[in-house]
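Step one of this worksheet: look at the structure below.
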Amino acid sequence: MARQTFQQATVAAIAEEMRRDPDVFIMGEDIGKFGGPLHSCLGLWEEFGAEGRVIDTPISEGTFVGAGVGAAMQGKRPIVDLMFLEFLGLVVHQFGLDGGAMHYYSDGKVKVPMVVRAKYGVGPFHGHAYDFHSWLLNVPGVKVVAPSNPADAKGLMKAAIRDDNPVFFLEHMGLYHAGREEVGDGDGVIPLGQADIKRAGNDVTVVATALMVKRALAAAERLRNDGIDVEVLDLRSLVPMDEQAVLTSVRRTGRLVVACEAIKRGGSANEVVSLVAEEAFADLRAPIARVAPPSVPVPYHRELEKLYLPDHDDIADAVRRVMAA
Amino acid sequence: MARQTFQQATVAAIAEEMRRDPDVFIMGEDIGKFGGPLHSCLGLWEEFGAEGRVIDTPISEGTFVGAGVGAAMQGKRPIVDLMFLEFLGLVVHQFGLDGGAMHYYSDGKVKVPMVVRAKYGVGPFHGHAYDFHSWLLNVPGVKVVAPSNPADAKGLMKAAIRDDNPVFFLEHMGLYHAGREEVGDGDGVIPLGQADIKRAGNDVTVVATALMVKRALAAAERLRNDGIDVEVLDLRSLVPMDEQAVLTSVRRTGRLVVACEAIKRGGSANEVVSLVAEEAFADLRAPIARVAPPSVPVPYHRELEKLYLPDHDDIADAVRRVMAA
Amino acid sequence: MPRDNQTLLDLYRLMALTRALDGAIAEIDGHWHGLEGEEAVVAGAYHGLRPGDVVAPHYRGSLTAACGRGADLRKLLAGLLGKATSYNRGRYRSDVCGPPEFNLIGLYSGALGPPLAYATGAALAIKLDGRDDVALAVFGDGTSSRGDCHEAMNMASALCLPVVFVCQNNQIAISTPASDGVAPRSVADRAVGYGMPGHEIDGNDVLAVHDTVQMAIARARRGDGPSLIDAVTYRVAGHFVSDTVEDRPPEEIERWRARDPIALFRRYLVEQGVIDDGDLGEIDQAVSAEVAAAMAQAKADPDPGPDVLGLDRVFA
Amino acid sequence: MPRDNQTLLDLYRLMALTRALDGAIAEIDGHWHGLEGEEAVVAGAYHGLRPGDVVAPHYRGSLTAACGRGADLRKLLAGLLGKATSYNRGRYRSDVCGPPEFNLIGLYSGALGPPLAYATGAALAIKLDGRDDVALAVFGDGTSSRGDCHEAMNMASALCLPVVFVCQNNQIAISTPASDGVAPRSVADRAVGYGMPGHEIDGNDVLAVHDTVQMAIARARRGDGPSLIDAVTYRVAGHFVSDTVEDRPPEEIERWRARDPIALFRRYLVEQGVIDDGDLGEIDQAVSAEVAAAMAQAKADPDPGPDVLGLDRVFA
Ligand SMILES: Cc1ncc(C[n+]2csc(CCOP(=O)(O)OP(=O)(O)O)c2C)c(N)n1
Ligand SMILES: Cc1ncc(C[n+]2csc(CCOP(=O)(O)OP(=O)(O)O)c2C)c(N)n1
Ligand SMILES: [Mg+2]
Ligand SMILES: [Mg+2]
């Protein structure tokens with residue numbers, strides 16, 4: 001066991017997998033000697049650089065992600081550091097439409113085992129916060145992972161690297177260097193598609209990922225004083241989604257709040273809402289509530305940014321609303 | 001009045017707007033003398049080509065859409081023919097992230113009045129069917145229009161061209177040459193954000209756009225024989241969405257089915273579901289049902305394609321399900 | 001460049017097969033993108049590769065690439081019809097996407113350009129694995145305007161990857177002449193900007209194509225990095241079969257028809273005494289018969305059943 | 001190229017202002033992307049434009065472009081702090097995105113590359129409207145690897161648009177030397193591939209930059225189409241202020257520091273008898289005072305209130 005930040009745990013997972021499997025390599029901009037923006041690849045160059053397995057690329061997102069697809073088709077297991085999720089629009093065709101379709105269209109003959117990692121989210125790094133992961137739910141054949149803490153980040157990154165499909169791995173900048181937590185040093189793979197109850201409760205289910213899990217937990221603490229017992233369900237991966245875990249929880253609590261950092265309109269929270277509205281309607285005792293930023297671009301001034309991003313108060317308010325309904 | 005196909009009505013709207021406003025121009029691949037794939041621009045070259053307002057571009061999607069953004073910033077009103085919606089991933093950054101943010105980030109000083117039109121959908125043209133419009137709901141600042149018939153196509157295209165924002169205009173290839181209908185020759189602008197009840201009914205609300213409207217109407221006819229009275233609500237534009245129309249209808253019928261051609265997971269249908277699950281829960285008498293393709297890439301063989309795409313039977317089944325619940 | 005008679009005859013056979021396929025498919029598929037006039041580029045480029053080499057063919061010529069690598073004709077044609085006997089059981093079209101078991105990278109979506117990145121990635125894998133295979137990325141003159149082309153060439157050069165870029169330059173993209181869509185006269189002019197060798201060659205001369213591609217492949221195998229070849233030919237056909245819009249001067253089309261690459265090569269083979277007219281005719285007949293038989297079989301092959309939809313087979 | 005003393009002094013002033021801003025901002029913003037050493041490129045490129053000309057500056061130098069076009073210093077600095085008095089009331093950052101009322105195109109998302117397309121579109125609008133304005137698109141050496149660069153240059157050439165492309169080539173992208181990220185030695189080598197003039201110039205010589213840009217602008221105004229200029233300079237600063245990773249040889253940095261563009265230009269002005277050292281010092285002081293005053297005001301300016309969030313102001 002070691003105490004590690006989200007960034008350290010993620011890099012540790014990558015390093016361990018690179019040691020385990022010589023087909024794993026990593027590429028992206030400034031990830032070599034420089035260590036990657038925000039230290040996203042710190043130490044990898046020193047250990048694997050000489051083998052040519054840490055590759056600095058030109059600023060050509062579509063093509064280096066596409067090169068990841070092409071290398072994966074040849075049996076390698078590329079990890080591509082996209083730097084920021086904001087650049088998803090520059091690579092979604094290669095990663096998603098093509099990369100996600102190859103296994104199906106080839107009747108199983110092509111596999112595309114690759115991971116694209118990307119930083120995002122409102123945090124100490126002031127910029128590139130856009131959260132467009134929701135698009136990927138509507139692209140067949142790709143998986144989406146969004147850990148909320150260092151230990152999950154490590155276990156999920158290992159699973160992502162070992163997965164035989166294109167996996168998009170979200171690294172929240174508000175969590176990245178936000179403190180150390182215990183992280184196992186063993187293999188500790190966390191299978192994709194297993195949600196985790198971060199706090200058990202009986203009155204209402206709050207479904208969240210990444211930073212919103214932290215905020216939901218903070219909201220839950222406050223709501224305890226109001227006598228409201230909140231269950232916080234961390235999806236961990238959005239595709240595949242642990243639908244059973246969501247349904248089981250909501251069937252028990254009868255109430256659902258979904259918190260998400262993507263703007264509300266068209267965000268991935270909608271998938272959770274729709275699942276429950278279709279499958280657990282009979283058990284619902286109150287309207288479902290979404291907590292998400294308004295449908296505006298992320299504003300710049302820190303005070304506006306605060307207004308933009310849901311915090312524990314917003315989540316708590318939504319919980320109170322569904323409790324009162 | 002004239003009897004026109006969807007394609008003819010759309011081109012007529014463009015021609016009329018180009019006559020009305022010299023700032024309107026159109027660009028894209030092979031839209032000049034060639035007339036555009038599937039005749040998407042037939043006749044425009046002959047009338048406006050000499051003025052340089054019908055511009056053939058190199059195969060550079062991101063850049064010609066970006067050039068549309070840049071020209072719009074200068075006060076022009078570009079229409080960009082993207083050819084196929086399948087190429088959205090090549091332009092979503094320029095059109096959506098940047099184009100959609102400029103008005104907000106500039107505090108209203110920049111306007112980006114442009115239309116990107118794109119063909120898509122399972123139809124007689126065998127290929128490029130992918131429907132990824134749902135992404136755009138999660139991008140601040142862009143509008144999304146998806147007409148279901150020639151008259152709507154004309155009125156909505158006019159509104160899109162006159163709109164001061166980036167508008168994505170969907171042209172379904174299954175509707176494109178699928179028969180003539182009466183289309184007014186007057187100005188007949190249909191404001192974006194006004195849904196249309198294509199069939200009034202009391203038992204269940206079916207919300208749809210584009211080809212799914214046609215199929216929902218066919219389902220409604222069949223369900224009449226079962227004594228089920230279906231209301232078919234055509235959203236016409238997904239952003240802005242006519243939330244009031246949806247809520248009013250569902251509050252009356254108490255039941256909702258949403259039909260959509262995008263794959264189910266993460267599709268725009270979810271936004272309608274979420275709206276209702278949040279705002280009209282008390283009036284819902286049954287679980288909500290989504291009707292959408294499975295989360296696989298569009299298969300090639302026509303029989304597989306048929307299995308993939310929801311038809312009137314699939315919609316009717318969903319209606320029966322929510323009626324029985 | 002030394003070449004034996006077998007190579008010459010194989011090249012001829014691949015050109016003849018390409019033409020025979022073209023004719024047979026045009027009869028059944030109004031949307032077929034014919035390649036009359038471009039056979040020298042595709043045969044010259046796709047003949048003589050090793051199994052470990054990876055090819056991302058231009059869509060127009062994709063079937064020739066598959067044939068050149070040993071794919072089964074009947075299965076390919078079944079793939080055109082979406083039959084259950086095709087390489088992917090009808091899930092996807094074979095005319096733009098070859099069977100990956102032959103190290104072919106296809107258009108998995110319909111977008112031109114991105115496959116250049118996939119080929120570049122294949123070359124990266126080859127380099128990482130220390131193989132001396134190469135990747136061959138073929139693209140049209142129209143496609144050369146996509147940013148993918150620039151990024152792939154620049155990156156292949158920066159990382160010194162074994163890729164050979166070939167422009168199947170038929171001087172038109174749907175209706176847009178290369179002179180309007182591609183700013184310079186020759187795509188090969190771009191090579192200097194990437195610090196790689198650039199070759200502009202006669203794309204109707206199958207030996208020029210074959211020799212130049214093989215030379216560039218040899219360079220790549222040696223670890224000396226990428227090359228760019230601009231093989232200038234002409235699309236005698238329409239954009240696709242039922243494309244009736246034709247704005248090019250008839251004389252221009254006729255001039256190129258007169259330079260038909262198959263006729264040119266026939267003349268060469270006979271003049272060089274490699275083969276006589278009669279034996280060439282026999283090759284033509286054999287190829288046509290092969291295509292006809294494969295087509296008849298493919299047509300008779302079963303359609304895919306609902307199980308092929310495979311809702312649970314998206315993820316590996 | 002004929003130039004009057006006023007132009008020379010204006011160029012000097014813009015360089016001095018750039019440096020003064022650089023120092024003042026570095027003190028308050030650890031994430032500021034400094035441009036010590038690159039002042040000649042930005043001053044040379046952004047001085048002398050007409051109001052109707054449209055500029056998409058490289059992000060590093062965006063403030064200089066705004067100043068060169070007449071934007072208010074205090075408002076710009078307020079924009080760095082997100083204050084309510086900034087051009088957009090705190091909704092967006094001014095360091096990478098200039099006020100559009102000065103015909104500036106900024107980075108509205110953080111992605112480098114797409115603004116080249118927006119500039120190309122502005123040039124298209126200019127051409128459609130029959131204006132003789134131009135668009136100026138400036139980008140870094142690293143950014144030159146993006147497909148956007150290729151597509152914009154190719155399209156501008158194909159449509160003969162009035163765009164001047166300038167590479168602010170500081171020979172590095174974050175940590176990646178141009179030699180690794182940009183395959184050829186000179187970005188100007190790409191011009192031949194687009195059939196446009198290419199110029200490689202000394203980016204530390206403000207007059208070389210100004211003259212070459214103005215020449216290319218004149219060409220564009222005449223309707224003769226785009227040009228590409230590679231202005232080779234050096235990023236003496238780190239990638240951003242708190243960037244402590246430095247892998248370049250100290251001698252290399254020192255060599256370029258010795259070629260400091262401001263010092264070079266000072267020497268020239270004095271040698272040519274345009275101005276003496278004392279008067280130059282006065283300009284420096286005036287500029288510093290102006291920056292200090294604007295910064296003090298900006299700091300004291302109010303933060304935006306919740307109304308600025310403007311949930312209903314996304315759509316026009
Ligand atoms: C990214 C992209 N844009 C547009 C198209 C539509 N399209 C299909 S074929 C074609 C022409 C391609 O021209 P070229 O590369 O010269 O190939 P050719 O058809 O001449 O063989 C176009 C534009 C596409 N498939 N992909
Ligand atoms: C499309 C895109 N990729 C990556 C980045 C991250 N990034 C910010 S600055 C920078 C370096 C850019 O290099 P260059 O164009 O040479 O400009 P310089 O920083 O040297 O002025 C990078 C990679 C970005 N902003 N946009
Ligand atoms: Mg072509
Ligand atoms: Mg640079």
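Every chain is numbered from 1 and lettered A, B, ... according to where its sequence line falls, protein lines coming before strand lines.
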Under 4.5 Å from any heavy atom of chain A - which part of Arg146(C)
neither
Contacting region of Ser106(A) [heavy-atom separation from chain C under 4.5 Å]:
both
Region of Val308(C) that comes under 4.5 Å of a non-hydrogen atom in chain A
backbone
Region of Ala122(C) that comes under 4.5 Å of a non-hydrogen atom in chain A
both
Does any backbone or side-chain atom of Asp23(A) lie under 4.5 Å from a heavy atom of chain C? Answer side chain, backbone, both or neither.
side chain
Check whether Val142(A) gets within reach of chain C through its side chain, its backbone, both or neither, counting any heavy atom under 4.5 Å.
backbone
Consider only side-chain N and O atoms of Glu86(A) and His128(A), and report whether a donor and an acceptor are under 3.5 Å apart.
yes
Which one, Ala67(A), Pro22(A), Gly62(A), Gly108(A), leads in non-hydrogen pairs under 4.5 Å with chain C?
Ala67(A)
Would you say the side-chain atoms of Tyr194(C) and His150(C) include a donor-acceptor pair closer than 3.5 Å?
yes
Compute whether any side-chain donor of one residue and acceptor of the other, for Arg69(C) and His47(C), lie under 3.5 angstrom apart.
no
Under 4.0 Å between a side-chain nitrogen and a carboxylate oxygen: does that hold for Arg89(C) and Asp303(C)?
no
Strictly by modelled atom types, are Asn88(C) and Tyr105(A) linked by a side-chain donor-acceptor pair under 3.5 Å?
no
Contact class of Phe64(A) relative to chain C, heavy atoms under 4.5 angstrom
both
Check each atom of Val239(A) against the heavy atoms of chain C and say whether the ones under 4.5 Å are side chain, backbone, both or neither.
side chain
Using a strict threshold of under 4.0 Å (side-chain N to carboxylate O), is an ion pair present between Lys109(A) and Glu101(C)?
yes
Check each atom of Leu309(C) against the heavy atoms of chain A and say whether the ones under 4.5 Å are side chain, backbone, both or neither.
both
Options Asp98(A), Val112(A), Asp164(A), Ile55(A), ranked by heavy-atom pairs under 4.5 Å with chain C, top entry
Asp98(A)
Part of Met102(A) within contact of chain C (heavy atom distance under 4.5 Å)
both
Tell me whether Asp163(A) is salt-bridged to Lys111(A), with the criterion being a basic N under 4.0 Å from an acidic carboxylate O.
no
NZ/NE/NH1/NH2 to OD/OE distance under 4.0 Å, Lys154(A) and Glu16(A):
yes
Using a cut-off of under 4.5 Å for heavy-atom pairs, which of Arg53(A), Glu61(A), His93(A) has the most such pairs with chain C?
His93(A)
